[in-house]
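Data first, discussion second: the structure below is written as structure tokens.
Below, read A as the first sequence line, B as the second, and so on, with proteins coming before strands; counting in each chain starts at 1.
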Amino acid sequence: MDIQQSVKQAVGKLYGQMVDDSLIQLQKTKKEFEGHLTLVVFPLLKISKKNPEQTARELGEYLQQNESAIAGFNVIKGFLNLTITSSYWVGVLNEITKDQSFGKVKAAGDAPLVMIEYSSPNTNKPLHLGHIRNNLLGYSLSEIMKANGYRVVKTNIVNDRGIHICKSMLAWKKWGNGATPESTGKKGDHLIGDFYVLFDKEYKKELAELQSRGLTKEAAETQSVLMAEARELLRQWEAGDLGTVSLWEKMNSWVYAGFDETYKALGVDFDKIYYESQTYLEGKEKVLEGLGKGVFYKQEDGSVWSDLTADGLDNKLLLRADGTSVYMTQDIGTAKLRFDDYPIDKMVYVVGNEQNYHFQVLSLLLDKLGFEFGKDLVHFSYGMVELPEGKMKSREGTVVDADDLIAEMVETAWETSRELGKLDGCTEEESRKISEIVGLGALKYFILKVDPRKNMVFNPKESIDFNGNTGPFIQYTYARIRSVLRKAAERGVVLPELLDPSLALNEKETSLVQMLAGFPAIVKESAEMFSPAIIANYIYDLVKEYNQFYHDYSILGEENESLKQFRMALSKNIGEVIKTGFSLLGIDVPERM
RNA sequence: GGUCCGGUAGCUCAGCUGGAUAGAGCAACAGCCUUCUAAGCUGUGGGUCUUGAGUUCGAAUCUCAACCGGAUCACCA
């Protein structure tokens, strides 16, 4: 069954030495050569003490005689190309067909518990393109971890307090005229975002006016009445002033309703949501505890710091002179709360790479404070999303709004489908459903296929292109497979439990089975590398190859009955892998399109 | 300046635990719908894998250095 083991045994028999698995380098044979699997013999030369060609030939001959799955071989330079029998491949396909959850490992009750934090929005602005990348990566990673047998808790920490919210609140009080999402018809998060922008505009106006009276920029900032009022609101909020708190609650509830809509459209969700307003006071205690243990030190003004110079970093502030906490302190507190709530084995933070330093420091600090998980917390760091014109700048109004983008993708999917006549004969509801699946599939795939670590360029025009390496291309292939299977069922063609092993398969067919068989390894690698892109690109390769096959060979029209069954089973399994793979990416797949 | 990350076709990206002649898509050009969905398929052109050294049977891949780009080094979160 396992070719790798057979080769290992062959080496042992021929050269009298059991070698480590790492020396048995088996890979898929390149298209231009004959064979299915290629053994690179260079690493074995030390043991065989013969030249590459001779070693390869000896191994090839031995394998052909002693391993029934090996039908033949050829040697080119130091490469031993092995041809595997058709019956072996049919057997592999049969195994795949039997395995209901092919590519997935079931989570056991005692499997490691992974908490994944993602999304983490501010409540003063709607979600934008950068958040989309974050949400898609976080959700997808969660699904991939689950598929690898981990227990997963998806969490979101909402930054619902601070001066930024107070700015929106102030603008609403001053100029809002009691506006609500209902009265304005705006989505709650957009409404609040608009007031935030309004504050900023008025604040800038005020600054300009002060500066025109001869004040320096700094002086103008300290004398600003608007900023002082915003700070006053924050003080009132922290003091628990009833009116302020209830306004804050009201406005936040609008924002949450808006976020929920966006999350729903994106298909992401959370198991546990933390709010910073409830956690921001935590952490102080831990810091003081560390101070007591001598892990941290106090400056003359009373502020508390950590000296990280021994780790090659700077000094880091943890408590201000007035005793209030900073971002880092809050994250320590949040970590503590989470570990109180769940027996977490591994903590993953999905946060942009601009915070690499923050998480480097957090990891060290948690470790110093005696948290076991500190050292191996994972910062799943991803690159920024840029536009063809450059970075998104809120000041220049070049931020791509998440809701707008989603709506645009769905709308374009609908128009394109209609133009191609794909929606003929569909009900209104079906058309809408398909457009949603396709539009969002295009968006999600476009973002997830890129290596998360890299900055990426999001070209709105290209993202709506449904040709080439895109989600819709893959969805389209899936829909066609489903169509073939529907037609087969209509004609009464039945797929047997087991396929006939005496079939003679062509190169394309064996190659497809071979690719299929590699799926579980891809899912594993994807989790280890923290990269949904690995799955995305694998699915694309598979689909690309299948499309060529689909074009060249008939499935339902095939006259050889067992070959027809084989091709149907092959198609069905490829469809299943597309579906499973896409579900790990959080992308739906349509029955028809 | 310190630290971290990136640099592959005109553009967007794969390939990176070292393996054979570096791959896709887009864009350009030429073909293919009486046959299971043409959102498809086939072909052509397009490369000093930023540069230079090193490691070795072999380097886009590993090491070092340089160059370019980005992030970060806040009593913002």
Side-chain angles (χ1 to χ4, degrees), chain A residues 22 25 27 29-30 32-33 38 40-43 45 51-52 76-79 81 120 122 157 159 161-164 276 280 301 303 305 312-314 316-322 324-328 330-331 352-358 360-361 381 383-384 386 388 391 413 416-417 419-422 438 442 446 449-451 453-459 461-463 465-477 479-488 491 525 528-529 533-534 536-538 540-541 544 547-558 567-568 571 592-593:
Chain A
S22 65
Q25 290 185 26
Q27 50 197 247
T29 302
K30 296 214 166 196
E32 53 268 39
F33 301 102
T38 296
V40 184
V41 298
F42 291 107
L45 298 184
N51 69 40
I76 296 170
K77 290 195 262 181
F79 300 90
N81 298 320
S120 310
N122 288 347
I157 171 105
N159 181 15
R161 62 163 285 279
I163 191 75
H164 49 278
E276 217 158 80
Y280 82 108
D301 64 359
S303 55
W305 297 71
L313 304 174
D314 295 328
K316 181 74 194 173
L317 177 87
L318 296 173
L319 287 176
R320 297 188 184 99
D322 62 6
T324 55
S325 50
V326 294
Y327 178 36
M328 186 60 73
Q330 292 170 28
D331 254 3
N353 63 10
E354 72 272 14
Q355 291 194 37
N356 284 355
Y357 183 77
H358 174 81
Q360 207 182 337
V361 173
S381 163
M384 335 193 76
E386 290 166 17
K391 285 183 201 166
T416 311
S417 303
E419 277 165 23
L420 292 169
K422 300 283 182 187
V438 173
F446 191 90
K449 74 174 177 185
V450 181
D451 182 341
R453 288 171 304 168
K454 290 189 174 175
N455 287 358
M456 65 174 290
V457 174
F458 182 85
N459 185 329
K461 270 188 209 133
E462 262 180 47
S463 74
D465 190 343
F466 298 143
N467 293 308
N469 187 358
T470 62
F473 168 60
I474 294 165
Q475 290 171 321
Y476 166 70
T477 305
R480 253 181 3 199
I481 288 173
R482 300 303 298 173
S483 171
V484 166
L485 294 174
R486 272 196 304 271
K487 293 210 159 121
R491 295 180 199 178
E525 190 188 346
E528 282 165 2
M529 307 286 289
I534 291 172
N537 285 297
Y538 162 84
Y540 174 68
D541 285 345
K544 175 93 182 137
N547 257 324
Q548 291 163 11
F549 168 82
Y550 186 90
H551 187 260
D552 291 346
Y553 300 93
S554 179
I555 297 170
L556 293 175
E558 172 59 47
R567 287 181 182 167
M568 276 173 59
S571 301
R592 64 187 80 221
M593 69 183 270

Side-chain ([X]) to main-chain ([Y]) donor-acceptor, under 3.5 angstrom:
X: Asn455(A); Y: Met384(A); result: yes
X: Arg320(A); Y: Ser325(A); result: yes
X: Arg567(A); Y: Ser554(A); result: yes
X: Ser483(A); Y: Ala479(A); result: no
X: Lys316(A); Y: Val361(A); result: no

Counting any heavy atom closer than 4.0 Å, what does [X] reach on the DNA or RNA strands: base, sugar-phosphate only, or nothing?
X: Met593(A); value: base
X: Asp301(A); value: base
X: Asp322(A); value: nothing
X: Thr477(A); value: nothing
X: Val40(A); value: base
X: Lys544(A); value: sugar-phosphate
X: Gln475(A); value: nothing
X: Asn51(A); value: nothing
X: Phe549(A); value: nothing
X: Ala479(A); value: base
X: Glu276(A); value: sugar-phosphate

Rounded [atom1] spacing from [N] to [M] in Å:
N: A22(B); M: A27(B); atom1: P; value: 26 Å
N: U50(B); M: G7(B); atom1: P; value: 8 Å
N: U8(B); M: G25(B); atom1: C1'; value: 15 Å
N: C57(B); M: G15(B); atom1: C1'; value: 23 Å
N: C49(B); M: C29(B); atom1: P; value: 29 Å
N: G69(B); M: C64(B); atom1: P; value: 22 Å
N: G18(B); M: A74(B); atom1: C1'; value: 43 Å
N: G2(B); M: G19(B); atom1: P; value: 33 Å

Which of the following nucleotides, [options], is nearest to the side chain of [X]?
X: Trp305(A); options: C75(B), A71(B), C36(B); answer: C75(B)
X: Thr416(A); options: A71(B), A77(B), A39(B); answer: A39(B)
X: Ser483(A); options: C13(B), U37(B), A20(B); answer: U37(B)
X: Lys391(A); options: A77(B), A71(B), U8(B); answer: A71(B)
X: Ser554(A); options: G40(B), C36(B), U12(B); answer: C36(B)
X: Lys487(A); options: U37(B), U42(B), A77(B); answer: U37(B)
X: Val484(A); options: G19(B), U37(B), C4(B); answer: U37(B)
X: Asp451(A); options: C36(B), A14(B), C4(B); answer: A14(B)

Check this for me: does the side-chain of [X] come within 3.5 Å of the base of [N] through a donor and an acceptor?
X: Ser120(A); N: A77(B); result: no
X: Thr38(A); N: A20(B); result: yes
X: Asp314(A); N: A74(B); result: no

List the atom of Asn81(A), the atom of Thr38(A), and the distance in Å for their closest heavy-atom pair. OD1-OG1, 2.7 Å
Quick one: [X] [atom1] to [N] [atom2], roughly how many Å, whole number?
X: Asn455(A); N: G6(B); atom1: CG; atom2: C1'; answer: 7 Å
X: Gln27(A); N: U61(B); atom1: CD; atom2: C1'; answer: 14 Å
X: Phe79(A); N: G18(B); atom1: CZ; atom2: P; answer: 14 Å
X: Tyr357(A); N: C5(B); atom1: OH; atom2: P; answer: 16 Å
X: Asn159(A); N: A77(B); atom1: CG; atom2: C1'; answer: 6 Å
X: Arg592(A); N: C36(B); atom1: CZ; atom2: P; answer: 16 Å
X: Asn547(A); N: G40(B); atom1: CG; atom2: P; answer: 8 Å
X: Arg480(A); N: U35(B); atom1: CZ; atom2: P; answer: 14 Å

Does Tyr327(A) form a side chain to side chain donor-acceptor pair (under 3.5 Å) with Gln355(A)? I'd like the steps, not just the answer. CA-CA 12 Å; Tyr327(A) 178 36; Gln355(A) 291 194 37; 2.6 Å; yes
Check for me: is Phe33(A) stacked on A20(B) by the 5.5 Å centroid and 30° plane-angle rule? yes
Are Asp451(A) and Arg453(A) close enough for a salt bridge, meaning some N to O gap below 4.0 Å? yes
Any side-chain N or O of [X] less than 4.0 Å from the OP1 or OP2 oxygen of [N]?
X: Lys422(A); N: A39(B); value: yes
X: Lys77(A); N: G19(B); value: no
X: Lys30(A); N: A22(B); value: no
X: Ser303(A); N: C75(B); value: no
X: Arg453(A); N: G6(B); value: yes

For Glu354(A) and Ser325(A), find the nucleotide of RNA chain B closest to each by heavy atoms; which residue's nucleotide sits nearer the 5' end? Glu354(A)
Toward the 5' end of RNA chain B, which comes first, Lys449(A) or Thr470(A), by nearest nucleotide?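 Its nearest nucleotide being more 5', the pick is Lys449(A).
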Please produce a list of atom pairs where a protein N or O lies less than 3.5 Å from an N or O of nucleotides 55-59 of chain B.
none

Using Watson-Crick and G-U wobble pairs with both distances under 3.5 Å, what is the 5'-to-3' dot-bracket string of RNA chain B, with [ ] for crossing pairs and | for pairs outside the strand? ((((((((.[[[[.)...(...]]]].(((((.......))))).....[[[[[..)....]]]]])))))))....
Can a side-chain donor-acceptor contact be found between Thr477(A) and Asn547(A) if the only test is distance below 3.5 angstrom?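 Side-chain D/A pair, Asn547(A) to Thr477(A): present.
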Do Gln475(A) and Phe466(A) have side-chain heavy atoms sitting under 4.5 Å apart? no
Check nucleotides 26-34 of chain B against the protein and report each pair of N or O atoms closer than 3.5 Å, with its distance, or say if there are none.
none

Syn/anti label of C33(B) as read from its glycosidic torsion, with the cut at 90° from 0: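 Chi for C33(B) falls in the syn range.
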